Visitor: 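Can you keep this structure in mind? I'll have questions shortly.
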Amino acid sequence: MVTAAGSEREGVLPSASRRALLVGGGVAAAAATAVAAASRPAEAAVQVGDESTLSPWGARPKGPPEPLPRGVDLPTAPRAYTEISSYHAHIYFNEDTAYRAAQLRDWVIHRFKVELGEWNEGPRGPHTTPSFYFGFANEQVPTVIPWLMLNHLGLKILIHPNTDDPYADHLINALWIGETQPVNAFRMARSAKATGGDIERIYPNTRPTLPLET
Ligand code: ZN
């Protein structure tokens, strides 16, 4: 399986322009900014390059807030957090970091009662690189998440809730520890029940042997 981002880029851009993007990214980005500025109303255009309106890292603190993406309506009410039935933590690795992922997996299974998934040395489902996962219960959030914050070993970790909306669980409402990476969940259902499935449940299969360090 190819990553979504990778395949899109390679499919759309001819190799010459791809090279130009890689080599002259800064120049291309500056040109794109200039073009965008020219097409904006005069008031916004004067902000470009005006250091008095830019933070040191280029954000525009005096500008209007970013609008919601087109086609996204502001919800009229918040979702109930009780829609979440459980969580998954997906730990990603590669040939160079597999030993660290193995260490983390070993630490987890000796300390937490969780649903441990298989060790996948290739892409699996929406996961575009080698990975393993463990599922944990809502009551474990206050220990598992802080524990992972301190013990990620430099790995990329996707923590997603399990609700009736797997698409949003993976792509919109996930939590990451470390860097993010593409998750190929774009074909997932917006309602598991409506498509004949059910909300993902977890079945713990580990038996902790060590007390959690406190
Ligand atoms: Zn998952």
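These numbers were taken from a predicted model, which means no experiment stands behind them. When a ligand or atom number is given, it counts from 1 through the structure's own listing order.
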Visitor: Scan residues 164-174 for pairs that pass side-chain hydrogen bond (donor to acceptor under 3.5 Å, both in side chains), counting only residues two or more places apart or in two chains.
Guide: His160-His170, Thr163-Asp169, Asp164-Ser191, Asp165-Arg190

Visitor: Before you tell me yes or no, could you show the steps for His90 and Ile157 under side chain to side chain contact (heavy atoms under 4.5 Å, CB included), namely the whole-Å CA-CA distance, both residues' side-chain angles and the distance that decides it to 0.1 Å?
Guide: CA-CA 6 Å; His90 291 270; Ile157 303 178; over 6 Å; no

Visitor: To make sure I understand the geometry: which N, O or S atom in His160 is closest to the Zn ion (ligand 1)?
Guide: NE2

Visitor: Among the N, O or S atoms of His90, which one sits nearest to the Zn ion (ligand 1)?
Guide: NE2

Visitor: Looking at the Zn ion (ligand 1), which N/O/S atom of His88 is the nearest one?
Guide: ND1

Visitor: Is it true that atom CZ of Arg201 has more than 12 heavy atoms of other residues, nucleotides or ligands lying nearer than 6.0 Å?
Guide: no

Visitor: Is a donor from one side chain sitting under 3.5 angstrom from an acceptor on the other, for Gln140 and Tyr87?
Guide: no

